[in-house]
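For reference, the structure is listed below as structure tokens.
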Amino acid sequence: MSRSKAITYYISTRLLLAPLQLLTIITIVFLLLRATPGDPADAILGGRAPESAKAELRQQLGLNLPIGLQYLNYVGNLLHFDMGSSLSSRGQKVWEIIWQYFPATAELAVFAIAIALIVGITIGTISASRPGTPLDAAGRLFGIITYSLPMFWAGMILQLIFAVQLDWLPLGTRFPATIPAPQNLTGLYTIDSLLHGNLTQFFTALYYLILPSCTLGILLSGIFERIVRVNLKQIMRADYVEAARARGIPENKILVSHALKNALIPVITVLGLTFASLLGGAILTEVTFSWPGLANRLYQAITERDYPTVQGIMVFFGAIVVTASILIDILNAYVDPRIRY
């Protein structure tokens with residue numbers, strides 16, 4: 001089988017498996033929510049509400065039905081792109097909640113992953129190009145520390161230093177109430193402000209992004225630093241690199257033009273999965289920094305026992321992870337000729 005046919009077969013298989021992966025996520029989320037203690041009727045009406053009122057609410061929400069029937073109803077509605085309505089936000093559609101809060105999460109994730117890539121690749125390259133030197137030791141130490149630090153702990157310490165003690169950076173919001181927020185086009189304040197040519201809004205949005213995105217980005221950079229360093233050191237001992245040295249090509253040109261691009265191939269896989277997990281798992285970051293994103297809204301929905309909102313957000317995040325996984329596999333198939341199917 002030719003390579004192009006093999007790749008086409010591989011991609012088709014991955015696309016056919018995607019709905020099954022998503023259905024598995026939907027089922028697990030649905031069952032876990034029903035298995036956790038607590039009653040949405042209690043959360044909505046309060047513990048002192050009459051039992052008759054709670055029973056009537058459960059009937060309205062369909063929570064009195066057998067769990068199998070609830071599951072089939074939920075999956076059936078999803079097939080019609082209906083995620084239901086929030087129990088705690090006056091009947092607001094779950095899709096509306098997702099589109100309202102997701103841009104803040106996406107903006108934070110994009111800036112954090114950009115910082116992680118720049119810092120991680122730079123330090124990993126410097127470390128690998130000077131093996132056995134103090135710079136190499138410092139790079140390894142940086143990777144170990146940033147990889148192992150708990151995000152919530154580091155976030156609180158940095159908040160205490162830069163926001164509370166030094167008062168250099170803001171906290172607790174995405175944009176100040178004293179300045180009009182950028183007109184909503186994409187929902188990403190930095191992009192919207194640039195599209196409108198308003199640099200004041202752009203730098204203000206950037207100012208409020210610095211602390212959460214730098215915290216998350218620097219902590220994630222340790223992953224990329226370790227991958228780049230290990231792969232680059234192996235590649236710098238490869239035969240084709242030795243042949244390049246024998247031809248008199250300068251060491252810096254070998255490093256950048258020949259070795260680094262091959263060392264970055266594994267980064268693609270980690271980058272895609274890290275970005276997907278950032279979008280779906282930024283709950284600790286958003287709660288720690290009071291960032292008004294979708295993960296923070298998910299945390300609120302969990303505490304309120306808001307089943308439709310929790311399920312809708314989790315399914316949305318699951319779809320992102322599945323999509324990112326497929327895109328990574330496809331990209332790797334084209335970038336890395338060593339992959340076989």
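All values reported here derive from a predicted model rather than from experimental measurement.
- Within the 3.5 Å criterion, the main-chain N or O of Pro292 finds no donor-acceptor partner in the side chain of Asn296.
- Inter-residue side-chain proximity for Ile313 and Tyr101 is flagged as unmet; no heavy-atom pair is nearer than 4.5 Å.
- Between the side chain of Thr215 and the backbone N or O of Gly155, no donor-acceptor pair lies under 3.5 Å.
- A 4.5 Å side-chain heavy-atom check between Phe111 and Thr190 finds at least one atom pair inside the cut-off.
- Under the 4.5 Å side-chain heavy-atom criterion for ILVMFWY residues, no single connected hydrophobic cluster contains both Ile113 and Leu188.
- Residues passing the ring-ring contact (aromatic ring centres under 6.0 Å, His included) test with Phe175 are Tyr189, sequence neighbours excluded.
- By the 30° and 60° cut-offs, the orientation of the rings of Phe102 relative to Trp99 is perpendicular.
- Across every non-hydrogen atom of Ala104 and Gly293, the tightest pair is CB-CA, 3.8 Å.
- Between the CD atom in Gln59 and the CG atom in Asn64 there is a gap of 5.5 Å [rounded to 0.5 Å].
- In plain terms, the two heavy atoms of Thr186 and Leu195 that are nearest each other are CG2-CD1, 4.3 Å.
- Cluster annotation: Leu199 is connected to Leu209 through the hydrophobic network of ILVMFWY side chains, with a link wherever side-chain heavy atoms come within less than 4.5 Å.
- Considering only heavy atoms from C-beta on, Thr309 stays 4.5 Å or farther from Leu87 through its side chain.
- Judged purely by atom type and a 3.5 angstrom limit, Gln70 uses its side chain to pair as donor or acceptor with the backbone of Leu65.
- Across all non-hydrogen atoms, the minimal contact from Arg245 to Met236 is NH1-O, 3.2 Å.
- Hydrophobic cluster membership differs between Ile126 and Ile223, with clusters built from Ile, Leu, Val, Met, Phe, Trp and Tyr side chains linked at under 4.5 angstrom.
- With a 6.0 Å radius and a threshold of 12 heavy atoms from other residues, nucleotides or ligands, Glu242 has its CD atom above the threshold.
- When the side-chain hydrogen bond (donor to acceptor under 3.5 Å, both in side chains) test is applied to Thr27, the partners found at least two apart in sequence or on another chain are Tyr71.
- With Glu286 contributing its side chain and Ala295 its backbone, the two residues share a donor-acceptor pair below 3.5 Å.
- Cluster annotation: Ile115 and Ile121 are assigned to distinct hydrophobic clusters (Ile/Leu/Val/Met/Phe/Trp/Tyr, side-chain heavy-atom contacts under 4.5 Å, transitive).
- Ser325 places no side-chain N or O within 3.5 Å of a backbone atom of Val321 that could act as its donor or acceptor partner.
- Across all their heavy atoms, Gly318 and Leu22 have their closest contact at C-CD1, 3.9 Å.
- Residues Phe81 and Trp95 come closest through the heavy atom pair O-NE1, 3.5 Å.
- Nearest heavy atoms, Ile98 versus Gly312: CD1-O, 3.8 Å.
- Looking only at side-chain heavy atoms (C-beta outward), Leu171 and Ser290 stay at 4.5 Å or farther from each other.
- Formation of a donor-acceptor pair under 3.5 Å by the Ser148 side chain with backbone atoms of Ile145 is found in this model.
- Counting heavy atoms from C-beta on, the side chains of Thr288 and Gln159 come closer than 4.5 Å.
- A distance-only check finds no donor-acceptor pair linking the side chain of Asp192 to the backbone of Asn184 [under 3.5 Å].
- Cluster membership check: Leu135 does not share its hydrophobic cluster with Phe224, using side-chain heavy-atom separations under 4.5 Å among Ile, Leu, Val, Met, Phe, Trp and Tyr.
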Q: Could you go through the side chain to side chain donor-acceptor pair (under 3.5 Å) check for Gln300 and Glu304 one step at a time?
A: CA-CA 6 Å; Gln300 181 188 342; Glu304 293 172 343; 3.3 Å; yes
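- When side chains are defined from C-beta on, Ser193 does not count as touching Phe203, because their heavy atoms never get closer than 4.5 Å.
- Atom CD of Gln165 and atom CG of Leu160 lie 5.0 Å apart (nearest 0.5 Å).
- For the 3.5 Å distance criterion, the side chains of Tyr299 and Arg297 fail to qualify, holding no donor opposite an acceptor.
- The closest donor-acceptor contact from the side chain of Gln201 to the backbone of Gln183 lies at 3.5 Å or more, if one exists at all.
- Panel note: side chain Ser127, backbone Gly124; no donor-acceptor pair is recorded below 3.5 Å.
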Q) Given Phe30 and Val75, is the side-chain contact (heavy atoms from CB on, under 4.5 Å) satisfied, shown in steps? A) CA-CA 10 Å; Phe30 180 89; Val75 174; over 6 Å; no
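- Looking at Phe202 and Asn198, their side chains never come closer than 4.5 Å, going by heavy atoms from C-beta outward.
- Atom CD1 of Ile123 is separated from atom CD1 of Ile118 by 11.5 Å, given to the nearest 0.5 angstrom.
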